[in-house]
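Sequence lines set the chain letters: A, B, ... in the order given, protein chains first and strands last, and positions in each chain run from 1.
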Amino acid sequence: MPIRTRFAPSPTGLLHIGGVRTALFSWLYARRHGGKFILRIEDTDRERSTEEATQVILDGMQWLGLVHDEGPYYQTRRMDRYREVLAQFLAAGHAYRCYCTKEELEEMRARQMAVKAKPRYDGTCRHRTEPRAGVDPVVRFKNPVDGNVVVEDVIHGNVVFDNAELDDLIIARSDGTPTYNFCVVVDDMDMQVTHVIRGDDHLNNTPRQINLLRALGTPTPVYAHVPMILGADGAKLSKRHGAVSVLQYRDEGYLPEALLNYLVRLGWSHGDQEVFSLEELQQLFDIRDVNKAASAFNPEKLLWLNQQHIMRAAPERLAEFLKPQLAALGVAVTDDRTLVAAVKALQVRAKTLREMAQNSLFFFRDFTGYDEAAAKKILTAESVAPLRSVRDKLSALDEWTAAGAHEAVNQTATELGIGLGKVAQPVRVAVVGGSVSPPIDVTLEVLGRQKTLARLQLALEYAARQ
RNA sequence: GCUCCCAUCGUCUAGAGGCCUAGGACGGAGCCCUCUCAAGGCUUAAACCGGGGUUCGAAUCCCCGUGGGAGCGCCA
């Protein structure tokens with residue numbers, strides 16, 4: 001039987017890294033086994049579902065490359081099907097109409113809590129035959145009263161639930177609309193989902209769903225309940241760290257493969273390997289190897305992985321990602337060759353694309369002033385001689401290359417009998433405005449003759465005044 | 001409260017009874033390389049939640065605590 005997995009988010013909040021990780025696991029598992037990955041939007045809660053959230057899910061999945069093979073299915077478009085199964089349930093005696101009011105249910109819960117019992121429906125309407133006037137009934141599933149349900153979970157092993165702990169859950173509201181657990185079960189059946197991979201906050205729902213599936217007379221899928229992601233402080237994931245739209249990571253300059261690499265390593269490992277390409281993951285990942293314990297989100301490791309992936313990425317591809325980052329800083333790049341050259345120069349020294357954009361600014365536009373500390377320390381009267389020498393040698397260059405620039409700097413140092421730093425640093429501050437940049441020779445090459453010479457001239461004048 | 005889940009360095013993890021003097025990675029400290037910043041290399045501090053068993057032997061198996069998490073909704 002072909003493997004079929006699904007990701008079934010509800011568009012009630014933003015797609016964040018917790019959701020992305022379960023999506024990733026489902027996607028990888030399907031890929032690994034040549035199966036299909038289905039996207040299903042669980043939007044039955046019309047009150048809280050939003051267009052915006054749906055769009056974030058779609059855009060986020062696309063940015064990450066977690067492409068679905070089927071869907072997206074929308075539960076709101078499957079209402080007829082749910083009603084059909086609902087009618088079957090009622091007809092077969094698997095479900096019944098319950099006329100208890102919300103107020104009555106609340107009272108019941110309060111009473112149960114008062115005696116330290118687990119709040120649950122007592123089955124009052126189970127055997128009711130007559131409707132109650134003035135009450136629109138809900139539909140409840142007739143859960144087995146005894147015996148137990150064993151969830152065979154590939155991550156947690158067998159988890160046993162007594163049916164006595166479960167109650168008759170509502171599968172349709174008084175307005176006739178179906179509820180979550182019911183829709184999920186019908187969908188998973190109809191879509192022939194073979195592996196349900198989801199957060200372990202759903203583990204407690206699973207026995208109910210299994211009972212529903214049994215009533216439907218359909219086989220149960222394989223379950224894998226993956227542990228949750230905690231915030232960096234070990235508490236619940238919050239806005240402060242990670243519970244933001246995944247698209248924010250894109251905007252902050254993270255590479256999709258870096259985020260995915262980070263998330264897959266939360267609860268999964270392969271020997272001592274830390275950096276994985278998407279191709280490797282598709283070959284190596286197995287849901288069976290995922291840990292049981294929740295793990296804390298560590299932004300610093302994500303940052304490190306992002307840098308690792310930036311170092312390994314194709315410069316041309318990075319250049320495309322860099323454009324919007326530069327645009328956000330007010331720079332519209334038209335010269336792709338220079339952009340790619342800048343990327344290559346900065347590739348090993350940027351943790352994010354945003355940082356790369358910031359550090360490449362001087363290639364594309366003139367800076368307004370020198371970094372104060374750097375200028376004070378480096379563009380001194382002492383720097384006039386080396387700056388002048390480098391400028392002269394550079395202007396005499398026939399071909400503008402890194403090798404030529406290298407020679408100019410080295411020869412200057414030799415001729416003046418000073419260290420390389422005494423030459424390179426003034427030049428650096430002169431052309432970039434601060435004391436940090438890629439190696440000075442490649443910096444000059446990428447910057448080009450015109451800008452280099454002009455900026456050296458300005459620095460020379462500045463230094464002469466010191 | 002009840003039910004379920006979980007528990008190795010600060011964090012992510014390796015570890016499926018002897019290979020553990022508990023390994024790797026991020027982060028920290030130090031050194032090397034070096035024109036700056038990175039990258040890279042080397043070194044270093046840092047953990048088996050507690051208590052009972054089982055066993056010749058336990059981080060690994062069992063039980064009990066403790067701590068954390070989830071669920072208990074006409075939310076998903």
Next item on the list: Sequence neighbours left out, what passes side chain to side chain donor-acceptor pair (under 3.5 Å) with A:Y223? Give chain and number order.
Entry: none
Check: What distance, rounded to whole Å, do you find between the two P atoms, one in B:G50 and one in B:G41?
Finding: 35 Å
Checklist line | Span that lies between the C1' atom of B:C12 and that of B:G51, in whole angstrom | finding: 29 Å
Run the side-chain donor-acceptor check on residues 291-300 of chain A: report pairs under 3.5 Å with partners two or more places apart or on a different chain.
unit_1	atom_1	unit_2	atom_2	d
A:N298	OD1	A:E300	N	3.0
A:N298	OD1	A:K301	N	3.4

Note to self: For a quick check of understanding: with a heavy-atom distance under 4.0 Å over all strands, which category does A:Y262 fall into, base, sugar-phosphate or nothing?
What the structure shows: nothing
Margin query: With a 4.0 Å cutoff (strictly under), does any side-chain N or O of A:R109 reach OP1 or OP2 of B:C72?
Written below: no
For residues 374-386 of chain A, dump all side-chain donor-acceptor pairs below 3.5 Å to protein atoms at least two apart in sequence or in another chain.
unit_1	atom_1	unit_2	atom_2	d
A:T380	OG1	A:E382	N	3.4
A:S383	OG	A:T380	N	3.3
A:S383	OG	A:T380	O	2.6

Next item on the list: Applying side chain to side chain contact (heavy atoms under 4.5 Å, CB included), name anything that partners A:E106, two or more places apart in sequence or on another chain.
Entry: A:R109
Margin query: What I want to check is whether an N or O donor and acceptor connect the side chain of A:R428 with the base of B:C35 at under 3.5 Å.
Written below: yes
Extract from the structure each pairing of a protein N or O with an N or O of nucleotides 5-9 of chain B at less than 3.5 Å, listing the distance.
unit_1	atom_1	unit_2	atom_2	d
B:C5	O3'	A:H156	ND1	3.0
B:C6	OP1	A:H156	ND1	3.4

Check: Side-chain donor-acceptor pair under 3.5 Å between A:D43 and A:T76, yes or no?
Finding: yes
Note to self: Test of understanding: with side chain to side chain donor-acceptor pair (under 3.5 Å), list the residues that count as partners of A:T206, not counting sequence neighbours.
What the structure shows: A:R198, A:H225
Next item on the list: Take atom P in B:C42 and the same atom in B:C4, then report the distance between them in whole Å.
Entry: 49 Å
Item checked: Nearest-angstrom distance, P atom, B:C5 to B:C48 -> 26 Å
Margin query: Would you measure the distance from the C1' atom in B:C49 across to the matching atom in B:U8 and give it in whole Å?
Written below: 10 Å
Notebook entry, point to check: Looking at the side chain of A:S269, which of B:G23, B:U36, B:U13 is the nearest nucleotide?
Noted result: B:U13
Note to self: Suppose you measure atom P in B:G65 against the same atom in B:U13; what distance do you get, rounded to whole Å?
What the structure shows: 27 Å
Check: So does A:E52 have more than 12 non-hydrogen atoms from other groups sitting under 6.0 Å from CD?
Finding: no
Next item on the list: Look at A:K118 together with A:D167 and state whether they make a salt bridge at an N to O cut-off of under 4.0 Å.
Entry: no
Margin query: Between the base of B:G24 and the side chain of A:Q273, is there a donor and acceptor pair under 3.5 angstrom?
Written below: no
Notebook entry, point to check: Is the distance from OP1 or OP2 of B:U13 to the nearest side-chain N or O of A:S295 less than 4.0 Å?
Noted result: yes
Notebook entry, point to check: Does A:Q308 have a side-chain nitrogen or oxygen under 4.0 Å from the phosphate oxygens OP1 or OP2 of B:G40?
Noted result: yes
Margin query: So, OP1 or OP2 of B:C74: does either fall under 4.0 Å of a side-chain N or O from A:S174?
Written below: no
Item checked: Qualifying ring-ring contact (aromatic ring centres under 6.0 Å, His included) pairs, either residue in residues 138-177 of chain A, two or more places apart -> A:F89-A:F141
Notebook entry, point to check: Across the strands shown, which category fits A:P438 at heavy-atom distances under 4.0 angstrom: base, sugar-phosphate, nothing?
Noted result: base
Item checked: Any residue meeting side chain to side chain contact (heavy atoms under 4.5 Å, CB included) with A:H309, in chain and number order, not counting sequence neighbours -> A:L255, A:E257, A:A258, A:N261, A:V275, A:L305
Check: Does A:R132 have any side chain to side chain donor-acceptor pair (under 3.5 Å) partners at least two apart in sequence or in another chain, and if so, which?
Finding: A:E104
N/O contacts under 3.5 Å, protein versus nucleotides 41-49 of chain B?
none

Check: Is A:G434 touching bases, backbone alone, or none of the nucleic acid, heavy atoms closer than 4.0 Å?
Finding: nothing
Notebook entry, point to check: How would you list, by chain and number, every residue that makes a side chain to side chain contact (heavy atoms under 4.5 Å, CB included) with A:T5, sequence neighbours excluded?
Noted result: A:I3, A:S26, A:Y29, A:A30, A:F37, A:H195, A:I197
Check: Taking only side-chain nitrogens and oxygens of A:T44, does any of them come within less than 4.0 Å of OP1 or OP2 of B:A76?
Finding: yes
Margin query: Taking the C1' atom in each of B:U44 and B:G23, what is the distance between them to the nearest angstrom?
Written below: 16 Å
Checklist line | Side chain A:D43 and base B:A76 donor-acceptor under 3.5 Å | finding: no
N/O-N/O pairs, protein side and nucleotides 26-29 of chain B side, under 3.5 Å:
unit_1	atom_1	unit_2	atom_2	d
B:C26	O2'	A:K301	N	3.3

Check: Which part of the nucleic acid, if any, lies within contact of A:D441, taking any heavy atom under 4.0 Å across all strands shown: a base, the sugar-phosphate backbone alone, or nothing?
Finding: base
